[in-house]
Amino acid sequence: MQEQVFDYGMRVGLWRFLDAFSENKISSTFMMCGRAVERVPELARAVIDAGHEPAVHGWRWLAHSLYTDPEVERRDIEKTRDIIAGASGVMPIGFMTRGSQSPWTRDLLTELGFTYDSNALDDDLPYWSKTSTGRMLILPYGFDTNDMKFFHPNGFVRPEDFSTYVAAALATLLAEGERGRSAMLTVGFHLRICGRPARFAAVQAILDLLSSCGEKVWIARRSDIAAHFAANSKNSAP
């Protein structure tokens with residue numbers, strides 16, 4: 001049954017999202033697991049052809065904290081990156097795994113030349129993190145403005161629960177922006193979750209809300225955010 005839930009995302013949900021993003025002229029970042037791309041490379045290519053960014057989401061949908069051997073983890077990160085690049089024609093420069101990382105994940109990403117890591121929940125802005133061989137740009141993620149809460153017992157139930165929550169977060173950040181404080185907000189969608197018809201109403205409401213903000217917000221791929229921050233930041237790793 002769980003496999004069919006994921007299959008729905010690829011068979012139906014993906015196309016709903018691609019159509020909606022196209023209609024709203026939005027480019028986004030798609031997290032891709034290597035094993036999934038290996039099985040359906042044509043879907044990865046469709047995402048890139050629509051103007052979106054691929055990012056490494058692990059070989060399988062497993063936490064990288066489970067790795068006990070750095071060389072095995074390195075092999076799986078490289079394999080995932082190369083399969084995504086081969087299928088999509090674009091070399092991914094970003095990384096985010098399900099759950100936690102191993103003690104050496106970020107060091108491996110630096111050594112492998114990744115531009116950014118999104119396994120962080122600790123800030124509203126990008127920042128630099130020191131690694132054993134240099135530094136890594138961290139683009140924080142958000143678990144609260146995320147449709148995974150539809151699967152939590154104390155989370156979202158109705159579509160408007162999600163869209164109203166995102167609207168509240170955006171209102172806070174826009175008010176802070178008026179006072180000169182910049183921030184980054186991640187809204188996380190899953191093909192198998194908000195790709196469902198009822199929940200997709202939340203997606204439409206969120207896209208409408210963002211459109212109504214005009215130039216007050218910048219809707220961007222994570223690769224674009226990373227490039228902008230790296231070019232304009234005077235911060236260095238501690």
Side-chain angles (χ1 to χ4, degrees), residues 6 8-58 61 80-97 113-118 126 137-142 145-147 162-163 166 170 183-197 199-232:
F6 279 82
Y8 183 90
M10 292 188 292
R11 293 168 64 93
V12 183
L14 172 63
W15 310 107
R16 279 203 178 101
F17 276 105
L18 290 182
D19 286 347
F21 288 158
S22 176
E23 291 171 5
N24 287 271
K25 297 181 173 59
I26 286 176
S27 295
S28 64
T29 298
F30 276 71
M31 304 293 177
M32 299 183 179
C33 291
R35 182 70 180 101
V37 173
E38 183 180 59
R39 296 179 66 182
V40 284
E42 65 276 10
L43 299 189
R45 186 71 205 191
V47 167
I48 302 311
D49 287 347
H52 305 289
E53 173 203 4
V56 171
H57 200 40
W61 196 55
T80 301
R81 179 193 62 188
D82 294 344
I83 284 176
I84 293 173
S88 69
V90 175
M91 181 67 73
I93 62 171
F95 177 90
M96 178 185 170
T97 180
F114 279 79
T115 297
Y116 70 85
D117 175 12
S118 284
L137 179 57
I138 310 303
L139 299 189
Y141 192 71
T145 48
N146 191 295
D147 66 2
F162 186 19
S163 55
V166 172
L170 188 59
M184 171 183 165
L185 177 66
T186 297
V187 180
F189 298 124
H190 293 78
L191 305 180
R192 68 186 186 282
I193 301 176
C194 262
R196 290 282 177 176
R199 298 187 192 120
F200 204 76
V203 178
Q204 297 285 12
I206 291 168
L207 295 182
D208 289 344
L209 172 64
L210 293 173
S211 178
S212 71
C213 291
E215 295 184 356
K216 292 181 180 180
V217 299
W218 177 37
I219 306 170
R221 301 174 300 181
R222 299 182 90 77
S223 57
D224 299 323
I225 297 170
H228 176 79
F229 186 84
N232 292 279

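In this text, all values refer to a predicted model and were calculated from it rather than measured experimentally.
Of all heavy-atom pairs between Gly34 and Ile83, the closest is O-CG2, 3.9 Å. Scanning all heavy atoms of the two residues, the minimum distance from Val37 to Ala44 falls at CG1-CB, 3.9 Å. Of all the heavy atoms in Ile93 and Glu53, the pair that sits closest is CG1-OE2, 4.2 Å. Between Arg16 and Gly195, the shortest heavy-atom contact is NH1-O, 2.7 Å. Nearest approach of Met32 to Thr80, heavy atoms of both residues: O-CG2, 4.2 Å. In terms of heavy atoms, Ile225 sits closest to Ala220 at CG1-CB, 3.9 Å.
Counting heavy atoms from C-beta on, the side chains of Phe21 and Val47 never come closer than 4.5 Å. Looking at heavy atoms from C-beta onward, Met10 lies in side-chain contact with Val40 at the 4.5 angstrom threshold. Side chains of Arg222 and Met31 form a contact here, defined as non-hydrogen atoms less than 4.5 Å apart. In this structure, Leu210 and Ile206 have side chains that are in contact, with non-hydrogen atoms separated by less than 4.5 Å. The shortest distance between side-chain heavy atoms of Leu209 and Ser212 falls below 4.5 Å. For the pair Met184 and Phe229, the minimum side-chain heavy-atom distance is 4.5 Å or more. Between Ile48 and Pro54 there is a side-chain heavy-atom pair separated by less than 4.5 Å.
Arg35 and Glu38 are joined by a salt bridge, as a carboxylate oxygen and a charged side-chain nitrogen come within less than 4.0 angstrom of each other.
Looking at Ser118, its side chain does come within 3.5 Å of a backbone N or O of Leu139 through a donor-acceptor pair. Listed for the Thr29 side chain is no donor-acceptor partner under 3.5 Å among the backbone atoms of Arg221. A distance-only check finds a donor-acceptor pair linking the side chain of Arg45 to the backbone of Ser88 [under 3.5 Å]. Asp147 places a side-chain N or O within donor-acceptor distance of the main-chain N or O of Cys194, the cut-off being under 3.5 Å.
Seen from the ring of Tyr8, Arg196 counts as a face-on cation partner, given the 6.0 Å and 45° thresholds.
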*Apply the test side chain to side chain contact (heavy atoms under 4.5 Å, CB included) to residues Ile219 and Lys25: give CA-CA distance (whole Å), side-chain angles for both, the deciding distance (0.1 Å), then the verdict.*
CA-CA 10 Å; Ile219 306 170; Lys25 297 181 173 59; over 6 Å; no
*Please assess Phe114 against Arg81 for the test side chain to side chain contact (heavy atoms under 4.5 Å, CB included), listing each intermediate value before the final yes or no.*
CA-CA 10 Å; Phe114 279 79; Arg81 179 193 62 188; 4.1 Å; yes
*Passes side chain to side chain contact (heavy atoms under 4.5 Å, CB included), Leu43 versus Trp15? Steps please.*
CA-CA 10 Å; Leu43 299 189; Trp15 310 107; 3.4 Å; yes
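For the atom pair CG of Asp49 and CG of Leu18, the computed distance is 10.0 Å after rounding to the nearest 0.5 Å. Distance check, rounded to the nearest 0.5 Å: OH of Tyr116 to CG of Leu137 gives 9.5 Å. Between the CG atom of Asp82 and the CE atom of Met91 there is a distance of 5.5 Å, given to the nearest 0.5 Å. Expressed to the nearest 0.5 Å, how far OG1 of Thr97 lies from NE2 of His57 amounts to 6.5 Å.
Classified by interplanar angle (parallel below 30°, tilted 30° to 60°, perpendicular above 60°), the ring pair Phe30/His52 is tilted. Using bins of under 30°, 30° to 60° and over 60° for the plane-to-plane angle, the ring pair Phe17/Phe189 lands in the tilted bin.
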